[in-house]
Amino acid sequence: GFVKGEDVTVKGITIHNSPCWSLFFHGCRNVTVRDYTVRNGPDDGNTDGVDLDCVSNATLENLDIDTGDDAIAIRAAPRRLQLPEPPPCENITIRNAKLRSTSSVFRLGVGDGLIRNVTVENVVSDRGGTAIMMDTLYGEPESGGVDMENIVFRNCRFDNCRFAYSIWTAGRRLEFGVRDVTFENCTFPKGVPRRVGGDA
């Protein structure tokens, strides 16, 4: 993993059978991941393909991820960084990806910070638990929750998933929860559940 890194590039690597998160960025700026492949077991837990936590200005492209846990997780859990001003997770572009996950293909949430300005485009997935999970209070019930805004999914196709998308807002100290989410030319399996709701 990379913590508080600047101008980090990961290119042309393949990870097999990772025992935990395959590639983790925490509090980093100016991140590029390109031509990246993951092959983990479909029943292996905690084997996320990529985790972006409090990262600013990241481009992920040409990805081929097959894993048991989340393919891509975008988080905002700044407390462990011990910085005076908690950084948001912002300005993220993910494009040209083949993703498979037994859990969530995309998970947005975890922590008590802010996720904003995320664009996902040209993605295909033929295995997923939930195609897109946006949960403001996932994993850290003691936190105030994560706010999310300006999230765009464009030209994405999700097949063979149990749930299409779940956008769930809950928490005690959220400013606004989830807003400005766009799906443009995205397809999900017919008949699978969608969930939008919450209490904030």
Side-chain angles (χ1 to χ4, degrees), residues 1-3 8 10-26 28 31-55 58-77 80 89 92-111 115 118 120-141 143 146 148 151 153 156-168 186-189 191-195:
F2 298 86
V3 179
V8 181
V10 176
K11 181 180 178 181
I13 69 169
T14 299
I15 294 177
H16 291 273
N17 301 320
S18 173
C20 193
W21 298 346
S22 303
L23 188 58
F24 177 45
F25 298 92
H26 196 21
C28 296
V31 170
T32 301
V33 178
R34 183 178 295 122
D35 303 327
Y36 170 63
T37 301
V38 175
R39 290 293 182 269
N40 293 328
D43 299 321
D44 295 341
N46 298 318
T47 56
D48 296 4
V50 183
D51 282 70
L52 303 174
D53 198 336
C54 298
V55 169
T59 299
L60 283 61
E61 58 187 356
N62 303 334
L63 312 179
D64 187 350
I65 296 173
D66 191 335
T67 192
D69 213 326
D70 305 326
I72 296 177
I74 300 174
R75 305 156 43 96
R80 298 177 183 86
C89 197
I92 310 296
T93 299
I94 301 166
R95 60 188 174 220
N96 304 333
K98 298 178 181 179
L99 306 176
R100 288 181 168 185
S101 167
T102 308
S103 185
S104 296
V105 179
F106 288 95
R107 180 181 295 281
L108 287 80
V110 182
I115 297 170
V118 177
V120 177
E121 54 189 359
N122 302 331
V123 169
V124 295
S125 175
D126 63 5
R127 191 186 86 240
T130 300
I132 300 168
M133 169 69 76
M134 302 175 67
D135 191 338
T136 62
L137 203 60
Y138 177 80
E140 296 192 8
S143 78
V146 176
M148 297 178 240
I151 313 297
F153 287 86
C156 298
R157 180 179 180 88
F158 299 94
D159 295 313
N160 192 28
C161 57
R162 295 191 302 274
F163 297 91
Y165 52 80
S166 178
I167 303 174
W168 200 250
C186 294
T187 61
F188 301 91
V192 301
R194 289 119 164 109
R195 184 178 78 154

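Reckoned from all heavy atoms, side chains included, excluding hydrogens, waters and symmetry mates. Owing to the predicted nature of the structure, the values given are computational and were not obtained by experimental measurement.
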Applying side chain to side chain donor-acceptor pair (under 3.5 Å), name anything that partners [X], two or more places apart in sequence or on another chain.
{"X": "N46", "result": "none"}
{"X": "R194", "result": "none"}
{"X": "S166", "result": "R195"}

Residues that [X] engages under side-chain contact (heavy atoms from CB on, under 4.5 Å), provided they are two or more places apart:
{"X": "S103", "answer": "D69, D70, S101, R107"}
{"X": "N17", "answer": "none"}
{"X": "T32", "answer": "T9, R34"}
{"X": "N122", "answer": "N96, N155"}

For R39, salt bridge (charged side-chain N to carboxylate O under 4.0 Å, His left out) partners two or more places apart:
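Result, salt bridge (charged side-chain N to carboxylate O under 4.0 Å, His left out) vs R39: D64.
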Salt bridge (charged side-chain N to carboxylate O under 4.0 Å, His left out) involving D53 - partner list, sequence neighbours excluded
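For D53, the residues satisfying salt bridge (charged side-chain N to carboxylate O under 4.0 Å, His left out) (neighbours in sequence not counted) are R75.
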Which heavy atom of [X] sits nearest a heavy atom of [Y], and at what distance?
{"X": "I115", "Y": "A76", "value": "CG1-CB, 3.9 Å"}
{"X": "A131", "Y": "C161", "value": "CB-SG, 4.2 Å"}
{"X": "S22", "Y": "N40", "value": "OG-ND2, 3.1 Å"}
{"X": "L99", "Y": "A71", "value": "CB-CB, 4.1 Å"}
{"X": "P193", "Y": "R162", "value": "CD-O, 3.2 Å"}

4.5 Å side-chain heavy-atom contact, [X] and [Y]:
{"X": "V110", "Y": "D135", "value": "no"}
{"X": "C28", "Y": "V3", "value": "no"}
{"X": "M134", "Y": "I151", "value": "yes"}
{"X": "V50", "Y": "I65", "value": "yes"}
{"X": "I74", "Y": "I94", "value": "yes"}
{"X": "Y36", "Y": "L63", "value": "yes"}
{"X": "T67", "Y": "D44", "value": "no"}
{"X": "V8", "Y": "F25", "value": "yes"}

When rounded to the nearest 0.5 angstrom, what distance separates [atom1] in [X] from [atom2] in [Y]?
{"X": "I13", "Y": "D35", "atom1": "CD1", "atom2": "CG", "answer": "10.5 Å"}
{"X": "D48", "Y": "C20", "atom1": "CG", "atom2": "SG", "answer": "8.0 Å"}
{"X": "I72", "Y": "I132", "atom1": "CD1", "atom2": "CD1", "answer": "11.0 Å"}
{"X": "D51", "Y": "L23", "atom1": "CG", "atom2": "CG", "answer": "8.5 Å"}

Once salt bridge (Lys or Arg N to Asp or Glu O under 4.0 Å) is applied, what residue pairs with a partner in residues 93-103 remain, sequence neighbours excluded?
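Every salt bridge (Lys or Arg N to Asp or Glu O under 4.0 Å) pair that includes a residue of residues 93-103, provided the two are not neighbours, is E61-R95, D66-R100, R100-D126.
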According to ring-ring contact (aromatic ring centres under 6.0 Å, His included), who are the partners of F153, at least two apart in sequence or on a separate chain?
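ring-ring contact (aromatic ring centres under 6.0 Å, His included) check on F153 returns F106, F183.
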For F158, give me all partners under ring-ring contact (aromatic ring centres under 6.0 Å, His included), at least two apart in sequence or on another chain.
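Per chain and number, F158 pairs via ring-ring contact (aromatic ring centres under 6.0 Å, His included) with F188.
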Can you check side chain to side chain contact (heavy atoms under 4.5 Å, CB included) on L108 and M133, steps first, answer last?
CA-CA 6 Å; L108 287 80; M133 169 69 76; over 6 Å; no
For R127, is there any backbone N or O sitting under 3.5 Å from a side-chain donor or acceptor partner on S125?
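Yes, S125 side chain to R127 backbone: donor-acceptor pair under 3.5 Å.
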With distance as the sole test, does T102 use its side chain to make a donor-acceptor pair with the main-chain N or O of P42 at under 3.5 Å?
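Pair found, side chain donor or acceptor close to backbone of P42.
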